[in-house]
2 protein chains.
Amino acid sequence: MSAVDRSLVAGLSLFADIPPDGIDDALREARPLRFAKNAVVFEQGQEAGSFFLLLHGRVRAHKLAPAGEQVVIRFIAPGELFGVAMAIGQSAYPATAIAVVDSVALAWPSSAWQGLLARHPSLGVQTMQALGARLQEAQTRLMEISTQEVERRIAHALLRLLKQGGRRTPEGILVDFPISREDIAQMTGTTLHTVSRILSTWQERGLIVSARRKVTVRNPAQLARLADPEGAS
Amino acid sequence: MSAVDRSLVAGLSLFADIPPDGIDDALREARPLRFAKNAVVFEQGQEAGSFFLLLHGRVRAHKLAPAGEQVVIRFIAPGELFGVAMAIGQSAYPATAIAVVDSVALAWPSSAWQGLLARHPSLGVQTMQALGARLQEAQTRLMEISTQEVERRIAHALLRLLKQGGRRTPEGILVDFPISREDIAQMTGTTLHTVSRILSTWQERGLIVSARRKVTVRNPAQLARLADPEGAS
DNA sequence: CGGCGGCTTGAGACCACTCAACAGTGGTGG
DNA sequence: CCACCACTGTTGAGTGGTCTCAAGCCGCCG
């Protein structure tokens, strides 16, 4: 009678160390939710009533600056937890989450977290590692934005996007979800104008092919050389 | 026969939910280490053999950029865990840790982590919340550096330093550990020159008093107004 | 008391931002 | 089904905040 079938989450590292009946137990409290493109999953500042596991689609998390500018925190891929505010002791969501394309996520009430953690300790381990990876990435971005000029930051951002969601095509590797110049600007601390100019010159040089909300990298190796000229050890 | 007395860590939130004999158990595997001012605790890239709990002093964590620039990740205060690379699934330290003043830390072998976590689940909860707080801070700094001009970033950085280690003095609130313009520059993604200029103007305006590696804020409220002109809700 | 690490301050250059105008493109409603 | 409009992207011109380069000063620490 579980509302969600276990096959939906089979193979996710989050549940890797949990036996089948444990997974059933965990899914019992979850509800699947559909989010249309551009739908808001939760909003910054709102009370953190649920946490989520993305099953299909793509979700963008961004933070609102006091003056109204947005900064993109990350793009969430299927298989990732998000909105785990209460796991880290926050009662409100620290960012806004919006579906980039039609998406499906499992939602648990935040109050279920403690019990889940107690019954399935490996969840804690997996979550801690995911948090650690996000912390590393945030610190790396901080380092980049502090020390590198815009072109290199954009190169790094693009490479990360490819690693997270790159799909081979005849023309090269395509970022497999819609991404605008504005998005890239908000990931790298610059403006859409500057991103547009830089992508234009890259396109002239044959490094990339881009269209409206679409970027294909023809030559990842050269892009990597742009990102790290020294080939840092 | 425990090597370290439990009174050393009494009152730390990290051990708040663990009974006395559990604390003794945890301390059994730890060794206290002294670090002289400017001593290296561990270095970025090095294999993560130990994790640490700072007891006295102050430790600076910074990351080295490919071209050699440093970025200050955080200042570690007594009571905080650091170097927990393996807890987050990293086999090497992602940053360098250096004692800012003479310091004392407890060191556990990294291999002890799993067992500790299994025997004392509340450790996991506490650590996850600490990680969450650090993630929040990193993301907030990302937002600041992406959207705000240098003066406001420095104001925010100073306010955070005060919150973490501020001591009342007749002249105002003093950052209670040595901090150079270069440190502040590396926290805010700017240069020591710009920091110097800005602190100079603040000093002229009577906002702060500063000396070599010392900053005292006379008027925190005014500084906060500089940091958030709108008084954002 | 000498030297070095930290700090200050000036001058000039430049990267990236702001402001501005316009051009595709794709979704939507009549 | 087509036309329109909002969204996305391009490109130019000008500006300015911050960096770089440079020189010198101060105050600790050894």
Side-chain angles (χ1 to χ4, degrees), chain A residues 36-39 60 65 67-72 98 100-102 144-155 157-158 175 177-205 208-216 226, chain B residues 36-38 60 65 67-72 98 100-102 144-155 157-158 175 177-205 208-216 226 229:
Chain A
K37 183 166 63 160
N38 295 326
R60 185 185 67 229
E69 313 94 325
Q70 298 185 349
V71 175
V72 171
I98 291 182
V100 176
V101 295
D102 292 349
E144 286 172 8
I145 208 174
S146 299
T147 65
Q148 300 172 357
E149 52 197 22
V150 169
E151 187 172 32
R152 293 183 60 187
R153 303 207 301 263
I154 295 177
L158 248 187
V175 177
F177 51 91
I179 182 144
S180 67
R181 317 284 138 145
E182 177 80 47
D183 290 330
I184 296 176
Q186 294 179 353
M187 296 177 74
T188 51
T190 180
T191 62
L192 76 157
H193 308 281
T194 299
V195 173
S196 178
R197 282 182 235 272
I198 286 176
L199 292 193
S200 290
T201 70
W202 286 355
Q203 179 139 2
E204 274 169 31
R205 289 200 254 155
I208 65 169
V209 189
S210 83
R212 167 176 270 237
R213 310 244 275 162
K214 242 177 62 177
V215 181
T216 305
L226 253 180
Chain B
K37 181 167 62 161
N38 294 328
R60 184 185 66 229
E69 313 94 325
Q70 298 184 351
V71 175
V72 171
I98 291 183
V100 177
V101 295
D102 293 347
E144 286 172 8
I145 208 172
S146 299
T147 64
Q148 300 172 359
E149 53 197 22
V150 171
E151 187 172 31
R152 291 183 60 186
R153 303 208 301 263
I154 295 178
L158 249 185
V175 177
F177 52 90
I179 181 140
S180 67
R181 318 282 138 140
E182 177 78 51
D183 290 329
I184 296 175
Q186 293 180 354
M187 296 177 74
T188 51
T190 180
T191 62
L192 76 158
H193 307 281
T194 300
V195 173
S196 178
R197 283 181 234 271
I198 287 174
L199 292 194
S200 290
T201 69
W202 286 356
Q203 180 140 4
E204 273 168 32
R205 289 200 254 155
I208 65 169
V209 189
S210 82
R212 165 177 271 238
R213 310 242 277 156
K214 242 175 67 176
V215 181
T216 305
L226 254 180

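Residue numbers begin at 1 in each chain, while the letters A, B, ... track the order of the sequences.
A salt bridge is absent between A:Arg197 and A:Glu204; no separation between the charged side-chain nitrogens and carboxylate oxygens falls under 4.0 Å. With respect to B:Glu182 and B:Arg60, no salt bridge is recorded, no charged nitrogen being found less than 4.0 Å from a carboxylate O.
Put simply, CE on A:Met187 and CD1 on A:Ile154 are 11.0 Å apart, with the number rounded to the nearest 0.5 Å. Going from atom CD of A:Gln148 over to atom CZ of A:Arg153 covers 8.0 Å, rounded to the nearest 0.5 Å.
At least one donor-acceptor pair closer than 3.5 Å links the side chain of B:Ser200 to the backbone N or O of B:Ser196. A distance-only check finds a donor-acceptor pair linking the side chain of B:Asp102 to the backbone of B:Lys37 [under 3.5 Å]. A donor-acceptor pair under 3.5 Å links the side-chain atoms of A:Gln203 to the main chain of A:Ser210, judged by distance alone.
Atom-to-atom, CZ of B:Arg213 to P of C:dC4 comes out at 18 Å; the value is rounded to the nearest Å. Distance B:Lys214 NZ to C:dT8 P: 14 Å, rounded to the nearest Å. A straight line from NZ of A:Lys37 to P of C:dG26 spans 11 Å, rounded to a whole angstrom.
Contacts of residues 192-199 of chain A with DNA chain D (heavy atom under 4.0 Å): A:His193, A:Ser196, A:Arg197.
Comparing B:Arg153 and A:Ser210 against DNA chain D, the residue whose closest nucleotide sits nearer the 5' end is A:Ser210. Taking for each of A:Gln148 and A:Arg212 the nucleotide of DNA chain C with the nearest heavy atom, the 5'-most of the two is the partner of A:Gln148.
For B:Ser180 and C:dG6, the shortest distance from a side-chain N or O to OP1 or OP2 is not below 4.0 Å. Phosphate proximity of C:dT8 to B:Arg181: present, with a side-chain N or O under 4.0 Å from OP1 or OP2. In terms of phosphate contacts, B:Ser200 brings a side-chain nitrogen or oxygen within less than 4.0 Å of OP1 or OP2 of C:dT9.
Read 5' to 3', the first and last nucleotides of DNA chain D with an atom closer than 4.0 Å to a heavy atom of chain A are D:dC7 to D:dA13.
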- Query: Reading DNA chain D 5' to 3', how would its secondary structure be written in dot-bracket notation, given Watson-Crick and G-U pairs with both distances under 3.5 Å, brackets [ ] for crossing pairs and | for partners on other strands?
  - Reply: ||||||||||||||||||||||||||||||

